[in-house]
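Here is the structure we will look at, set down as structure tokens.
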Amino acid sequence: MAVETVLIEYLGDQVFSALMNQAQFTIDFKNQFQALKTQLDLVKAFLADTNNLKMKKETLKTSLIKLRDLVYEADDILTDCVLRYDYQKDGSCSKYTPDEFFFRCRMGRQLMDLNSRMGKMGSDLSAYLTPQHLLSLGDNTYRPKVFTSQDFEPSEVIGLEEDIEKLKRWIFSASGVLQRIGIVGMGSLGKTTIAQKFFEDRAVAGCFDKKIWVSVSQDFSDERIIKSILVQLGENPSPVSDLGQMLHVINQSLQGQSCLIVMDDVWSFNQELWGKLCSAIQKTEKRSCVMITTRNEDVATHMGVESSRIHHPKVLDEKDSWSLFCNFAFQEIEGKCSNSQFEKVGKEIVWKCGGLPLAIKTIAAFLATEVHNLGKWKDILDRFHELTTRKQNSSVKTSLQLSYDALPTHMKQFLLCFSIYPEDSVIQAEQLVHWWVGEGFIQRTEHSETAEDLGYEYLTDLVRRCLVEVVERRGYDGRVYSCKMHDLVRDLTTMFAEDEMLCSFEAGKQKLSPDSRWLGLTSEMSTAKFKHCSKLRALLLMASSQGQFPFSKNQMVSLDSLRVLDLSRIRLDSTSMEKLLSWIFSLQRLAYLNLSGAVGLKEMPSSIRKLRNLHLLILAECGDLTKLHPSISYLKNLIVLDCGSCALQYLPQGIGNLSQLQELSGFRVVRQATPQSCHLLELKQLVQLRVLRMNLSDESEITESEGELLSKLVKLRVLAINTEDCKDRTILEMLDRLHPPPNLKELYLRRYRHKSLPKWINPTKLSVLQYLCLEKGDLKSINPSAHSEEESAFSWNFLEGLCLKFLPFLDEDWTDLQKTMQSIRYVEVSNCFNLKNFPCPVDKPGIWRKVED
């Protein structure tokens, strides 16, 4: 009941807030809403007795299913009442129409019926559970510890050094055009980790012109594998190309090139296709290597790997197991255990893990949160013994089970969301966080500036607990950009998600069912069953579907409870897109809509005003989108509006009315004479704005009165300015008029065709700036002290990160720059040919990190 517990808390807060503020709909149904608040508090108190709930799960199965339905029904009713109240406030509907009368009658009946059923539910639960005191729940105050790139990074290579060196010796001593190597072993033994470290090794990289990594897994297709290879070769695989054509393109791309291909997690393969692929590699006549990781040795041998080139990783010995455990359990003290009592208990837990790296990392990462609680460590040791002996569980499953059980309720719901993604999927962190915010899983607290910020912190905490793996992260502060999940951890999430009746699965793949709440839609699924899925709250189009969405409004009409709809990269013709939008605008409870990269989306029409509950609207990279209707100004609940990299000439008037907006991307600065456009001055109304990404061009204009605008946005933390290669000196001088926000933490300036920075980009004006990114420009100098005799006045006291990319005219000495950046710890440089004394190559991507004492 992880998700429902959070939703109950959210609904209770919403009802309480409405009652306190005397909202009209709570006055109309005051007694019923007061009763609903009481029932929600009671159910929440019952659910706090989680231990008894687990023990009596089978007995309570029916009651829990009914409870889930009631909670979501309450959310629908409250949302409908809030939306109706919004319509009344702006005069869109009258309180004295027949339609309003029938609405009140219907809501009154539904509330009475709901409270009656919730009262009976409380009686049913009281037979099995003891209500816990509400103040003891504490989950809503849980705040994850955030580890950034400054923190101690636990090594995952302990005990694997010899494995990697062995593989390197095979490579360096090999003769012949194509060498095949296999890594064979049971799940969780570290096969993929060994392959990754080998793949990233500098000496290995120097042997090959091309490197390709293919995640195969059980749910593979020949077409997906070949397209993955093509993309990594820099080719654009056409959806209409057959396998023969694609193999021909691979052959051409590899001509005269040496290549390393890693086929990770292979369960089975197409013998004919594999033969053709290997033949294409051999035709390059340059030394190449194919590495295969698999659990089945027969798979490796049938793919042409000789037995002498099959590596079998061993479990870690006692010393390496303890070292790996300490690196994760004692991260805060750099992997060192100084307490003999903790060491004694810890070594017993490590012994139970049987030398399996995944089991060791997972349980150690969990215990890292309890490094001062010896009693907790002893309890885990006892439970570890019980689960591995009485229930015949493996050490890995036991480790994962214990880690999951120990998660706070909020964290469990986030982990279960990963279940909808197919095996080995690379998942965009932004999509996850927006989903969590849209469905109400994350609420803004006094500790966090925004719910989105807190979402990234929760994701980082899952990474720290070794339940999620990072694919890509931001170097400056470690924020996760993309991630994935080990297949054994995914097995756990699918099991619990199905147990909680959130999703249904068959052979590891998600399937549609009438009780499903979340769905990751793939091209293999039929939408015909949608008409029976009225409970669905989150629908996300998976990347593997390649934008194909067989839309039929008749089949989708029952999905009126959707809160989350992510159809990014969808590809439809104009007629189908119009029909899709017509259906989307009927989803009045929708809170998160993502149509980024949609092909065929040319206009966002006036009907967008119907989505009054929308909190996040993502339209980034919609290359066909040329018009956004002014009625978007009705969406008063919007906190994120992303129109970046669209074909829009301007945003419409009325954007300033979106008073809750926290993030605005794709704002174009236009001339004052441009009709119906949103001007810079209008943004002064957006007092909650934290992130602003704006574009200037030859058609832009910044007036004197607009120059001070940004200084009024006191909550603005991130500012990105793209001047789109504008060379009009008048436009560039306009930038000098800007007065920057007083609390700016991150600044991005791109495609700026001027020799020196705007005057306000200096330590005096940006006194708390932490990160500065300058890309693709004609800058010659970025050192403010070069233009002043008072060098001490131009020291960046808080600047920690710097990014300099594609600045061919930049003529600076890193030694001098470093003197003005005493706190700098991360610098990323690329194609800055005239940057002197930088410790890394400046003609290609390079990263410098400060070595801490």
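Excluded from the calculations below are hydrogen atoms, water molecules and symmetry mates; all remaining heavy atoms, backbone and side chain alike, are included.
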- [ ] Show the numbers, then the answer: is there a salt bridge (Lys or Arg N to Asp or Glu O under 4.0 Å) between Glu439 and Arg537?
- [x] CA-CA 8 Å; Glu439 201 165 345; Arg537 290 173 63 89; 3.3 Å; yes
Task: salt bridge (Lys or Arg N to Asp or Glu O under 4.0 Å) evaluation trace for Arg693 with Asp642 - done: CA-CA 9 Å; Arg693 299 184 179 97; Asp642 187 351; 5.4 Å; no
Open item on the list: Could you walk me through whether Gln232 and Ser228 satisfy the side-chain hydrogen bond (donor to acceptor under 3.5 Å, both in side chains) test, starting with their C-alpha distance in whole Å, then the side-chain angles of each, then the deciding distance to 0.1 Å, before giving a yes or no?
Closed with: CA-CA 6 Å; Gln232 294 180 69; Ser228 176; 3.2 Å; yes
- [ ] Might you work through the salt bridge (Lys or Arg N to Asp or Glu O under 4.0 Å) test for Arg465 and Asp461, ending with a clear yes or no?
- [x] CA-CA 6 Å; Arg465 293 170 182 268; Asp461 197 35; 3.2 Å; yes
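At most 12 heavy atoms of other shown residues, nucleotides or ligands fall within 6.0 angstrom of atom NZ in Lys531.
Using modelled atom types, no side-chain atom of Arg464 and backbone atom of Phe328 make a donor-acceptor pair closer than 3.5 Å. Trp518 places no side-chain N or O within donor-acceptor distance of the main-chain N or O of Cys503, the cut-off being under 3.5 Å. Of the possible donor and acceptor atoms, one in the side chain of Thr293 sits under 3.5 Å from a partner among the backbone N and O of Asp265. Side-chain atoms of Thr294 come within 3.5 Å of backbone N or O of Val266 as a donor-acceptor pair. Judged purely by atom type and a 3.5 angstrom limit, Trp213 has no side-chain atom pairing as donor or acceptor with the backbone of Met263. Between the side chain of Asp624 and the backbone N or O of Gly600, at least one donor-acceptor pair lies under 3.5 Å. Side-chain atoms of Lys211 never come within 3.5 Å of backbone atoms of Cys259 as a donor-acceptor pair (strictly under, hydrogens ignored). Of the possible polar contacts, one joining the Gln510 side chain to the Gly520 backbone as a donor-acceptor pair under 3.5 Å is found. Without hydrogens or angle criteria, Ser419 side chain to Leu416 main chain gives a donor-acceptor distance under 3.5 Å. Ser425 places a side-chain N or O within 3.5 Å of a backbone atom of Pro422 that can act as its donor or acceptor partner.
In terms of heavy-atom proximity, Ala195 sits nearest to Met291 at CB-SD, 4.0 Å. Shown here for Arg563 and Gly438, the closest heavy-atom pair between the two residues is CB-O, 4.2 Å. Minimum interatomic distance between Leu459 and Ala429 (heavy atoms only, all atoms of both residues): CD2-CB, 3.5 Å. Pairing each heavy atom of Val489 with each of Leu467, the nearest pair is CG1-O, 3.4 Å. For Lys191 against Val184, the heavy-atom pair with the smallest separation is CD-C, 3.9 Å. For the pair Lys484 and Val468, the tightest heavy-atom approach, listed with the atom from each and the gap, is O-CG1, 3.6 Å.
In this structure the side chain of Ile183 reaches within 4.5 angstrom of the side chain of Pro313, judged on heavy atoms. When side chains are defined from C-beta on, Asp264 does not count as touching Val216, because their heavy atoms never get closer than 4.5 Å. Residues Lys509 and Thr522 have side chains not in contact (no heavy-atom distance under 4.5 Å, counting atoms from C-beta outward). The shortest side-chain heavy-atom distance between Met246 and Leu230 falls under the 4.5 Å cut-off. With a 4.5 Å cut-off on side-chain heavy atoms, Trp435 and Ile442 do not count as touching. Using a 4.5 Å heavy-atom threshold, the side chains of Phe496 and Gln401 count as touching. By the 4.5 Å heavy-atom criterion applied to side chains, Lys361 and Phe366 are not counted as neighbours. Side chains of Glu452 and His434 form a contact here, defined as non-hydrogen atoms less than 4.5 Å apart.
For Lys412 and Tyr404, the positive end sits near the middle of the six-membered ring, less than 6.0 Å away and at most 45° from its axis. For the pair Arg479 and Tyr456, the cation-pi test (distance below 6.0 Å, angle within 45°) is passed.
Ser596 and Asn594 share a side-chain donor-acceptor pair at under 3.5 Å. Side-chain atoms of Ser513 and Asp515 include no donor-acceptor pair closer than 3.5 Å. There is no side-chain donor-acceptor pair under 3.5 Å between Thr494 and Glu498. With 3.5 Å as the limit, one finds no donor-acceptor pair spanning the side chains of Thr79 and Asp76. No side-chain donor from either of Ser558 and Ser534 sits under 3.5 Å from a side-chain acceptor of the other. Side-chain atoms of Gln431 and Tyr421 form a donor-acceptor pair, as typed in the model, at a separation below 3.5 Å.
Remark: of the listed residues Leu247, Asp222, Leu243, Leu247 is the sole one forming a side chain to side chain contact (heavy atoms under 4.5 Å, CB included) with Leu277.
How far CG of Leu638 is from CG of Asn613: 10.5 Å, rounded to the nearest 0.5 Å. Taken from OG1 in Thr193 to CD in Glu469, the straight-line distance is 7.0 Å, to the nearest 0.5 Å.
For Trp436 and Phe414, the gap between ring centers is short of 6.0 Å.
For the side chain to side chain contact (heavy atoms under 4.5 Å, CB included) test, residues two or more places apart in sequence or in another chain that qualify with Ala598 are Ile570, Met577, Leu595, Leu601, Cys622.
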